> 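Quick one: the structure is below, and I'll ask about it shortly.
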Amino acid sequence: MWEAFRHGEVYDLRSGTGPAEFVLPAPAGRAVRPDGGEGHGPDDPFAAGGWGPERTVRAEVIARLLLHGPAAAPGRVTALKLTGALVTGEFTLAGGRIDCYVEFQLCRFERKLLLSEATAGTLRIVSCALPRLEASRLVSEGDVHLARCGIPGGVRLTDARIGTDLLLNQSAVGPDAYGRAVSADGISINQDCEAERLDLIGELSLRSARIGGRLSLRGGSLRAAGPDNPTAVNAARITVGHTLYLSGSEDANWTGSRTVYGSGYGGSTVAAPYRDTTHTPFRAWGRIRLSDGRFDNAVLITNAEFHLGEGEELALSRIQTPELRFTCDTPPTGAVSLNRARIGNLVDSPGAWPTAHHVSLTGFTYESLRPAEPFPLERRIAWVDSGREFRPEAYEQLAAALRRDGADEDARAVLYAKQRRRRRTLPLPGRLWGHLQDAAVGYGYRPGRAAAWLVLAWVLGTAYFAGHRPAPVKPDESVVWNPALYAAGKVLPLIDLGQNGWNPDRTGQWVATALVLTGWTLATTAVAGVTRLLQRG
């Protein structure tokens, strides 16, 4: 191993020959596969079979090699590339400086790795079994790869600084004593964090993390540890320089892939339409917290399942992003909070949102609606009405977005629905007055209804005065009597139709007064509706 280090070559302790085949880890929370079988052969680090002394390397030897190793052979660069080894003893590199490239493949570690406050170049631990990784405040100039690893005791990367990428693809990680599987609060990653098909039992904690590129959790399975810690993802105040993916992972990208990146590295490798290909959804059991997050490109929540218990929610409160795509095939089983979030384009589908007053939209603002599939107006109104309390700003925001898209009729329908929803919050007198306004003029948003009442008032007035002709004001003047024009002159009091020379009796005066009041009340609403129509033209 010493000579391999000096020459930058692989030190291979596998029993087999040929290229190393990366294998998938045991399920999250387990060190070996539960069936106890041979797995993928004698070199599988997650199988139950034991490895003999011929494959054993002491951790203190590796530490001595990395911290105070020999100089490189002439014309070579030192590197530790260890494959198929059983590493025994306490592996402590905390606070040390590792200047060479480090790679462990298909290895078993007897005890946890201690890398806290260490400084390294590139660190690759791939398809390895280790009890736990302690790497808080780790500083790396290159990548940190923990792909296809089984880590039943959890990973701690709090306040770490990763020079390029952090890779966790297809790893299986169990919880620590506090129910956290990956503790990475305050981590800084200059480029991407790839955690596709990640299998976790315990919380994924990324509070106040800063990721320069994208954060991909495609196809992940994240389960909260239990009642003591019911959180699956806690990424409050996270900053992502590109896109957050809480979405499905295309199976064709990973089937038969011999790399830890997958065949497509996040992109589709099949030309077939999305619906014609198979995907592994993103699944989460437990609450999700993305509150106060900043996502410079988009948040994509597609082909995802959120299994939320009583009192748990998908919290997107106060997030900021140019685009939010929310197109799940099945709605979350709990609440979704978008309180005071600021979105550019909202791309969604009607079946993605939960019902039964489980969407909170207080102060939620967006520039435009771009449904991924037809979204009927009544379903959209039910969406803004899905909060537990009446919030008028949700209706105003929707109406404003519809107006920007030129859908004035739909915008008025939304505002009309707002008034009807508000009516249910009023005391009895207010509700009665609201019902009267609704029936008469539709709260001013149904001018056709006001015009119909005007016509009805005119017809009734005409019928009454046709049978109760009033006396002329000046009997010596000849005035032609027309009950229809007389009633129309009362309903439309600003128009003179030549029927002012008549003096009705007491009952007729009350009827005439009722027609005038009805005309003043309803004509303004009808005229406003016509004015809006002309303005649109």
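Everything numeric in this text was worked out from a predicted model, so none of it was measured. Note: hydrogens, waters and symmetry copies are ignored here, and every other heavy atom, side chains too, is used.
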> Side chains of Asp185 and Asp159: closer than 4.5 Å at any heavy-atom pair?
no

> Would you check if there is a donor-acceptor pair between the side chains of Thr327 and Ser349 at a distance under 3.5 Å?
no

> Please list all pairs meeting salt bridge (Lys or Arg N to Asp or Glu O under 4.0 Å) that have one or both residues in residues 348-372, counting only residues at least two apart or in different chains.
Asp348-Arg380, Arg370-Asp405

> Give the intermediate values and the outcome of side chain to side chain contact (heavy atoms under 4.5 Å, CB included) for residues Asp192 and Leu215.
CA-CA 6 Å; Asp192 296 338; Leu215 171 58; over 6 Å; no

> In chain order, what residues pass the side-chain hydrogen bond (donor to acceptor under 3.5 Å, both in side chains) check against Glu323, with sequence neighbours excluded?
none

> Could you grab the distance from atom NZ of Lys418 to atom CZ of Arg412, nearest 0.5 Å is fine?
14.5 Å

> Could you give all pairs that pass the ring-ring contact (aromatic ring centres under 6.0 Å, His included) test and reach residues 134-178, with sequence neighbours left out?
His145-Tyr261

> Do Asp251 and Arg197 sit within salt-bridge range, that is, some charged N less than 4.0 Å from a carboxylate O?
yes

> Under a 4.5 Å cut-off applied to non-hydrogen side-chain atoms, are Thr462 and Tyr486 in contact?
no

> Between atom CG of Leu168 and atom OG of Ser216, what is the distance when rounded to the nearest 0.5 Å?
11.0 Å

> Picking from Ile343, Asn345, Val347, Leu244, what satisfies side chain to side chain contact (heavy atoms under 4.5 Å, CB included) with Leu324?
Ile343

> Please enumerate all residues that pass salt bridge (Lys or Arg N to Asp or Glu O under 4.0 Å) together with Glu312, with sequence neighbours excluded.
none

> Measure the CD1-CG distance between Ile187 and Leu166 for me, rounded to the nearest 0.5 Å.
5.5 Å

> Going from CD on Glu250 to OG1 on Thr278, what distance comes out if it is rounded to the nearest 0.5 angstrom?
7.5 Å

> When you measure from the side chain of Ser249 to the backbone N and O of Thr280, does any donor-acceptor pair fall under 3.5 Å?
no

> Strictly distance-based, threshold 3.5 Å: is any side-chain N or O of Trp458 a donor or acceptor partner for the main-chain N or O of Val491?
no

> Counting only heavy atoms not in Arg342, do more than 12 sit closer than 6.0 Å to its CZ atom?
no

> For Thr231 and Val233, indicate whether the former's side chain and the latter's backbone hold a donor-acceptor pair under 3.5 Å.
no

> Using modelled atom types and a 3.5 Å cut-off, is there a donor and acceptor pairing between side-chain atoms of Glu141 and backbone atoms of Ala120?
no

> Please test Ser205 against Asn234 for side chain to side chain donor-acceptor pair (under 3.5 Å), starting from the C-alpha separation and ending with a verdict.
CA-CA 5 Å; Ser205 186; Asn234 188 355; 4.9 Å; no

> Per the salt bridge (Lys or Arg N to Asp or Glu O under 4.0 Å) rule, what does the pair list look like for residues 288-301, sequence neighbours excluded?
Asp292-Arg318

> May I ask you to test the Arg424-Phe390 pair for a side-chain heavy-atom distance under 4.5 Å?
no

> Is there a side-chain contact between Trp353 and Val336, using heavy atoms and a 4.5 Å cut-off?
yes

> Out of Thr302, Val299, Leu314, which residue meets the side chain to side chain contact (heavy atoms under 4.5 Å, CB included) rule with Phe326?
Leu314

> Should Glu196 and Arg218 count as an ion pair when the cut-off is N to O under 4.0 Å?
yes

> May I ask you to decide whether Asp176 forms a salt bridge with Lys112, counting only side-chain N to carboxylate O separations under 4.0 Å?
no

> Using side chain to side chain donor-acceptor pair (under 3.5 Å), reason through Thr243 and Asn297 one step at a time and then give a plain yes or no.
CA-CA 5 Å; Thr243 302; Asn297 186 62; 2.7 Å; yes

> What verdict does the side chain to side chain contact (heavy atoms under 4.5 Å, CB included) test give for Thr164 and Ile189, after you've listed the backbone C-alpha separation in whole Å, the side-chain angles of each residue and the deciding distance to 0.1 Å?
CA-CA 6 Å; Thr164 48; Ile189 303 171; over 6 Å; no

> Is it the case that Asn339 and Ser360 place a side-chain donor and acceptor less than 3.5 Å from each other?
yes

> Identify, with sequence neighbours excluded, every residue that meets side-chain hydrogen bond (donor to acceptor under 3.5 Å, both in side chains) alongside Ser386.
none

> Please assess Arg223 against Asp199 for the test side chain to side chain contact (heavy atoms under 4.5 Å, CB included), listing each intermediate value before the final yes or no.
CA-CA 8 Å; Arg223 289 160 286 179; Asp199 179 17; 2.5 Å; yes

> Assign the ring pair Trp285 / His307 to parallel, tilted or perpendicular, where the plane angle (0 to 90°) is split at 30° and 60°.
parallel

> Could you tell me whether the side chain of Pro354 reaches within less than 4.5 Å of the side chain of Pro332, counting heavy atoms only?
yes

> Flag the pair Glu194 and Arg214 as a salt bridge only when some basic side-chain nitrogen lies within less than 4.0 angstrom of an acidic carboxylate oxygen.
yes

> Tell me, do Glu134 and Leu113 make a side-chain contact under 4.5 Å, heavy atoms counted?
no

> Does Val359 form a side chain to side chain contact (heavy atoms under 4.5 Å, CB included) with Trp383? I'd like the steps, not just the answer.
CA-CA 7 Å; Val359 180; Trp383 173 66; 4.0 Å; yes

> Inspect the surroundings of CZ in Arg421 and state if more than 12 heavy atoms from other residues, nucleotides or ligands are less than 6.0 Å away.
yes

